[in-house]
Amino acid sequence: IDNEVHGYIGMWITDNLEIINLYVDEEYQGMGFGNMIMDFVVNICMQSKIQNLSLEVRSSNSKAISLYEKYGLKKSHIREKYYDNKEDAIVMVRTFEVK
């Protein structure tokens with residue numbers, strides 16, 4: 001926006017796709033940018049016949065968890081005291097049917 005980065009995604013793509021980080025500046029949250037990024041990720045998975053999409057998210061990040069759930073990711077398990085501040089990480093996954 002105005003030649004400045006206000007959001008980004010980092011991901012690993014192998015046989016699976018793992019979102020390493022997804023960020024949208026707070027002032028731009030709620031404007032659909034997270035949805036645009038997630039649409040992009042899901043399209044990559046479908047076009048590339050990737051079976052599993054995964055990520056981890058801070059247990060306190062309810063906005064992100066809601067976004068991921070909207071895109072079909074389900075809570076898989078908890079990584080206790082995962083972050084530097086000892087906050088838990090929730091691992092979320094989505095499986096695609098590959099034909």
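Please read these numbers as outputs of a predicted model, since none were measured by experiment.
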Hydrophobic cluster identity match, M46 and W12, side-chain contacts under 4.5 Å: no
Stepwise side-chain contact (heavy atoms from CB on, under 4.5 Å) test for V93 and N52: CA-CA 7 Å; V93 297; N52 296 301; over 6 Å; no
Whether N85 side chain and E87 backbone form a donor-acceptor pair below 3.5 Å: yes
Side chain D88, main chain K81, donor-acceptor under 3.5 Å: yes
Heavy atoms of other groups near N21 CG, more than 12 under 6.0 Å: yes
hydrophobic_cluster_shared for I37 and L55, side chain cutoff 4.5 Å: yes
Closest contact, heavy atoms only, I9 versus L22: CD1-CD1, 4.0 Å
Geometric class of the Y28/H6 ring pair [parallel <30°, tilted 30-60°, perpendicular >60°]: tilted
Minimum heavy-atom distance R58-I65, with the two atoms named: O-CD1, 3.9 Å
Point-to-point distance, once rounded to the nearest 0.5 Å, from OH of Y71 to CD1 of I19: 11.0 Å
Nearest heavy-atom neighbours spanning K49 and V98: O-CG2, 3.6 Å
Atom pair CD (E97) and CD (Q51), whose distance is rounded to the nearest 0.5 Å: 9.5 Å
Residue pair M38, Y68: steps toward the side-chain contact (heavy atoms from CB on, under 4.5 Å) verdict: CA-CA 8 Å; M38 287 302 296; Y68 302 142; 4.0 Å; yes
Connected via hydrophobic side-chain network under 4.5 Å: L67 and V91: no
Euclidean distance, S59 OG relative to Y83 OH, rounded to 0.5 Å: 8.5 Å
Same apolar cluster (I L V M F W Y, side chains within < 4.5 Å links), M36/Y8: no
Atom pair CD1/CD1 of I13 and I44 - distance to nearest 0.5 Å: 4.5 Å
Same cluster (ILVMFWY, side-chain, under 4.5 Å), L17 and Y23: no
Closest non-hydrogen atom pair, V5 against D25: O-OD2, 4.2 Å
Separation of I50 CD1 from M11 CE (nearest 0.5 Å): 8.5 Å
Separation of N16 CG from S48 OG (nearest 0.5 Å): 12.0 Å
Qualifying residue for side chain to side chain contact (heavy atoms under 4.5 Å, CB included) with I90, from H77, K75, E56: K75
